[in-house]
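Since the structure comes first, as structure tokens, the remarks are kept for the end.
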Amino acid sequence: MAHGTVEAESNGSAATAEAGQQQEFGPREGYRIIKNIAILGFAFMIHFTAFHGTSNLQSSVHRDGSLGALTLASIYGSLILSNIFLPVMVIRWLGCKWTIVVSFIAYMPYIAAQFYPRFYTLIPAGLAVGFGGGPLWCAKCTYLSVIAEAFSVIKKRKVKADYLIVKFFALFFVFYQLAQVLGNLISFSVLSTGDDPSSSNVTVRLVNVSETCGANYAAPVDRLAQPVNETNTNFHQPDPARLNMLTGIFLGCMALASISVAVGVDSLQRYSFGRTGSGSGISGIRMLIITAKHLTNKYQLLLLPITMFIGLEQAFIAVDFTASFVACGIGISKIGYAMISFGLANAVAAAVTPYITKTIGRFPMILGTAVFHVVLIVFMLTWKPTDQDYAYPIIAACWGLADGVWLIQINALSGILFPGNEEAAFSNFRLWEATGSVIMYATSPFLSTFTKLVCIVCIMLIGTVGYTSIEVMEYRLKKSAAGKRFEMIEPQDKEI
């Protein structure tokens, strides 16, 4: 096949380039690669401290005409277009490093718009976030995959590149998931300080949270016409001065993230080893065709449901859980308190996933996560919310553990299955992840929480079947042919 010929030629040229590159690198080059991952992870942590801290409040703070949910829908709607048209072209023009810097800057108007939240400020700013998000995540995934291969070359292939991709993604996500912790900690600290003077001017009546919150919660249709008066005291809006203070802090975080990458991260050209990837030497339109044609790959098609599920479940925890469980049950100011545990659990999952995967294998890891997530959703469908604060962080932490495993395993799998086509593969990953998020955000004002949870379970089960099909096919190929480009994750004798 032509693919095999191209792959063989690229492997030969890569081997020649590897020999030349190894002579240039010193003995501490491995530490330099780890430094790049650490700075990149730190920058994403600071950047998404602002983004997550702001986004988790959108559906509860901007409730007029469902402005918060529609803003998030605009973000992920434009992210779909961004993933289709922009990543390969932008990375080709700017390189991975500067693509990340420019994409960070594209997020900043969204934070600034919180000073004056209206449809004509938030929606355009949300669109800018989406257009920056496609190149951002594709550049990040490509950067980590390529330097994982470079690290394996520098270590003379003593550690497999497939395993290093998983481990580098995990190291990155340890930093990234801490953004949820910091963002929600800042949010909780700012919004819960002192008494809220705005609450004294609002006339409300108490409701039974066990009957109206949680899975029983349904966004009231008449809120679109009369959004000011709520029947639940927990939906009182925070003091505008505190919201502005929070916005200023988050805007500074994004500026710091951009500077960190610009100053502290090496260009990917240092570790390319002569590798051109799937996005070099051809036009943007041609690359768009390649990205679209990548959908004809049977593995890519089988990954689509589980990828959409990741978008659905992340949108649910950010919008519906924070509104229907936390804000409805214990108040808007407690959203940050509950979601801190989500971020901590995400970070823990990112830290331990590669080691558990190394011990038991990827397949049992993902199947176990699917079972755990199903049990959690069934509990949420039947649980009666209370005004006891401790229950909500526990639910958020369990969701965070599952989400952390899904993110690392499916991200890494896209890099393992499609070497040399990372831009197209990760572009498709972000495309279908964003599609799932848009569906959840767009339906948020109209569907009950119960319905959304049932839909999430169904898509997860379909996605798990698709992923299992990939593992079964690869297992059969591995038994019938040696020297394949893709191998199951198995225990290693060597450590990094």
Side-chain angles (χ1 to χ4, degrees), residues 48 50-84 106-134 183 187 217-230 232 235-238 240 243-244 246-247 250 308 310-328 332 335 339 430-449 451-453 455-456:
F48 283 94
F51 180 73
H52 290 319
T54 300
S55 297
N56 288 341
L57 297 172
Q58 293 295 291
S59 62
S60 299
V61 172
H62 305 315
R63 297 169 63 79
D64 293 1
S66 299
L67 176 57
L70 292 177
T71 300
L72 293 171
S74 71
I75 290 175
Y76 289 89
S78 61
L79 184 60
I80 293 176
L81 297 176
S82 174
N83 276 297
I84 294 174
Y107 278 66
M108 296 177 71
Y110 169 66
I111 303 300
Q114 306 300 320
F115 286 119
Y116 191 73
R118 301 292 187 273
F119 272 95
Y120 55 84
T121 59
L122 282 175
I123 299 302
L127 293 173
V129 169
F131 287 126
S187 172
Y217 180 83
V221 177
D222 63 353
R223 188 175 68 197
L224 301 179
Q226 295 179 337
V228 177
N229 295 324
E230 293 285 355
N232 189 338
F235 281 113
H236 285 165
Q237 300 300 294
L243 288 175
N244 288 338
L246 189 63
T247 299
F250 287 157
M308 287 187 65
I310 292 175
L312 288 169
E313 59 93 3
Q314 288 182 333
F316 177 86
I317 197 71
V319 171
D320 293 285
F321 177 76
T322 55
S324 60
F325 281 83
V326 185
C328 184
I332 292 176
I335 290 176
M339 294 298 286
R430 294 298 299 176
L431 166 64
W432 295 102
E433 182 189 37
T435 300
S437 295
V438 168
I439 292 172
M440 182 60 66
Y441 290 134
T443 59
S444 180
F446 310 108
L447 297 181
S448 67
T449 302
T451 302
K452 295 169 192 171
L453 284 170
C455 291
I456 288 174

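In what follows, every heavy atom counts, from backbone to side chain, and hydrogens, waters and symmetry copies are set aside. As the structure is a prediction and not an experimental result, all values here were calculated from the model.
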ask   = At their closest point, which heavy atom of M440 faces which heavy atom of D320, and how far apart are they?
value =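 Looking at all heavy atoms of both residues, the shortest contact is SD-OD2, 3.5 Å.
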Practice prompt. Kindly write out the residues that satisfy side-chain hydrogen bond (donor to acceptor under 3.5 Å, both in side chains) with Y76, not counting sequence neighbours, or none if the list is empty.
Written response: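 None.
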Practice task
Quick one: list whatever passes side-chain hydrogen bond (donor to acceptor under 3.5 Å, both in side chains) with S78, sequence neighbours left out.
Solution key: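 With neighbours one apart ignored, the set is empty.
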With rounding to the nearest 0.5 angstrom, report the [atom1] to [atom2] distance, [X] to [Y].
X	Y	atom1	atom2	value
F119	S74	CZ	OG	10.0 Å
S437	L79	OG	CG	8.0 Å
T322	I335	OG1	CD1	5.0 Å
K452	S324	NZ	OG	7.0 Å

* Asked: Which residues pass the ring-ring contact (aromatic ring centres under 6.0 Å, His included) test with F51, sequence neighbours left out?
  ->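 F51 satisfies ring-ring contact (aromatic ring centres under 6.0 Å, His included) with F48, Y107, Y110 only.
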Note to self: Does any part of the side chain of V326, heavy atoms only, come nearer than 4.5 Å to the side chain of M339, both counted from C-beta?
What the structure shows: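 M339 vs V326: side chains apart.
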Please list every donor-acceptor pair under 3.5 Å in which a side-chain atom of residues 121-134 meets a protein atom from a residue at least two apart or in another chain.
unit_1 : atom_1 : unit_2 : atom_2 : d
T121   : OG1    : Y116   : O      : 2.7
T121   : OG1    : R118   : N      : 2.9
T121   : OG1    : R118   : O      : 3.0

| request: Could I get the full list of side chain to side chain contact (heavy atoms under 4.5 Å, CB included) partners for T247, not counting sequence neighbours? | output: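 So T247 forms a side chain to side chain contact (heavy atoms under 4.5 Å, CB included) with I111, Q114, F115.
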Checking side chain to side chain contact (heavy atoms under 4.5 Å, CB included) for the pair T451/T443: CA distance, chi angles, key distance, verdict?
CA-CA 10 Å; T451 302; T443 59; over 6 Å; no
Contacts under 3.5 angstrom, residues 312-319 side chains, donor-acceptor by atom type, not counting sequence neighbours:
unit_1 : atom_1 : unit_2 : atom_2 : d
E313   : OE1    : W399   : NE1    : 2.8
Q314   : NE2    : D403   : OD1    : 3.3

